[in-house]
Each structure stands twice: as C-alpha cells, then as structure tokens.
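Below is one structure, written out as structure tokens; comments come after it.
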Amino acid sequence: MNAREQLRLLILAVLDRQPEHGYAIAQAINTRSEGLLRAREGTLYPALHALEAEGLIESQEHEVAGRTRREYRLTDKGRAALARTRRDWQAQVSAVQAVLGGQA
C-alpha cells in the first residue's frame with residue numbers, strides 16, 4: 001500500500017467513527033497515531049475530493065461560529081471500501097511481519 005492509499009484508509013477510518021471537517025480529520029490522524037502520522041493540507045484535501053468523487057464519502061456545508069465548514073461523512077459504499085482496505089492492510093502487515101520474523 002503506497003502513501004496515497006494509506007491516507008485514504010486513514011481518512012475512511014476516522015470518518016467511520018463520526019462525520020468530521022478536514023482539520024479535525026487531520027488532527028484525529030495525528031492524535032491517534034501519537035504524532036507519527038500527519039495529513040498535510042496539500043494531500044488531505046485532494047484525497048477528500050477524490051473519495052467524494054468516488055462516492056465513498058459525502059460532504060455538507062455547515063455554519064459554525066460564523067464560518068462555513070464542510071463536514072465529511074462516510075457513505076455505505078465507503079464503509080464497504082473501508083472493510084476491504086482494512087483486510088488488505090492487515091494482510092500486508094502480516095506479510096511484512098513474516099519477513100521480519102515477527103508474529104502476526
């Protein structure tokens with residue numbers, strides 16, 4: 001799984017918990033990974049737009065404290081894609097662990 005695919009997986013996983021706006025998605029990735037992973041604006045928003053174009057997420061604008069925010073949510077198609085991608089990721093992790101000599 002390349003970095004682009006990994007970011008897509010992380011976005012879908014964050015949105016699996018609840019709808020979020022872009023900045024909150026980036027913060028969730030950073031927080032949950034204890035600072036090891038970062039979703040930068042230059043890669044996050046193009047990924048969000050691509051996921052939306054594919055029908056994996058949908059967005060809606062909301063007014064919050066006088067500012068318009070776009071909130072993203074997972075679609076049923078996105079949930080199915082997340083489940084497949086999680087399986088693929090786990091298979092890759094197991095394969096790498098096997099090569100390294102660790103246990104899956």
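In what follows, every heavy atom counts, from backbone to side chain, and hydrogens, waters and symmetry copies are set aside. The shown structure was predicted, so the numbers you read here are calculated from the model rather than taken from an experiment.
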Does [X] reach the side chain of [Y], with side-chain heavy atoms less than 4.5 Å apart?
X	Y	answer
L56	L74	no
R67	H62	no
V14	R32	yes

Self-check item: Of E52, Q60, H21, the residue whose pairing with Y72 passes side-chain contact (heavy atoms from CB on, under 4.5 Å)
Solution: E52
Quiz item: Within a radius of less than 6.0 Å around CD of E63, do more than 12 heavy atoms belonging to other residues, nucleotides or ligands occur?
Solution: yes
Exercise. Inspect the surroundings of CD in E61 and state if more than 12 heavy atoms from other residues, nucleotides or ligands are less than 6.0 Å away.
Key: yes
Quiz item: Taking S33 for the side chain and N30 for the main chain, is one N or O donor matched with an acceptor at less than 3.5 Å?
Solution: yes
Exercise. Please check if the side chain of E5 supplies one atom and the backbone of N2 the other of a donor-acceptor pair under 3.5 Å.
Key: yes
Distance-minimising heavy-atom pair for [X] and [Y]:
X	Y	value
P46	G42	CG-O, 3.3 Å
A39	A26	O-CB, 3.6 Å
A47	I11	CB-CD1, 3.7 Å

Quiz item: Taking only residues at least two apart or on different chains, which pairs with a member in residues 71-83 satisfy salt bridge (Lys or Arg N to Asp or Glu O under 4.0 Å)?
Solution: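 The answer is D16-R79, E71-R73.
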Distance, nearest 0.5 Å, that separates [atom1] of [X] from [atom2] of [Y]:
X	Y	atom1	atom2	value
T75	E54	OG1	CD	10.0 Å
E58	L15	CD	CG	10.5 Å
S59	L51	OG	CG	11.5 Å

Donor-acceptor contacts under 3.5 Å from residues 82-93 side chains, at least two apart:
unit_1, atom_1, unit_2, atom_2, d
T85, OG1, A81, O, 2.7
Q92, OE1, M1, N, 2.8

Practice problem: Could you check E20 against R70 for salt bridge (charged side-chain N to carboxylate O under 4.0 Å, His left out), going step by step and ending with a plain yes or no? | Solution: CA-CA 8 Å; E20 293 286 6; R70 181 167 298 276; over 6 Å; no
Exercise. Could you walk me through whether I25 and L48 pass the side chain to side chain contact (heavy atoms under 4.5 Å, CB included) test, one step at a time?
Key: CA-CA 10 Å; I25 293 169; L48 287 167; 3.9 Å; yes
Quiz item: Do Y23 and I57 belong together in a cluster built from hydrophobic side chains that touch within less than 4.5 Å?
Solution: no
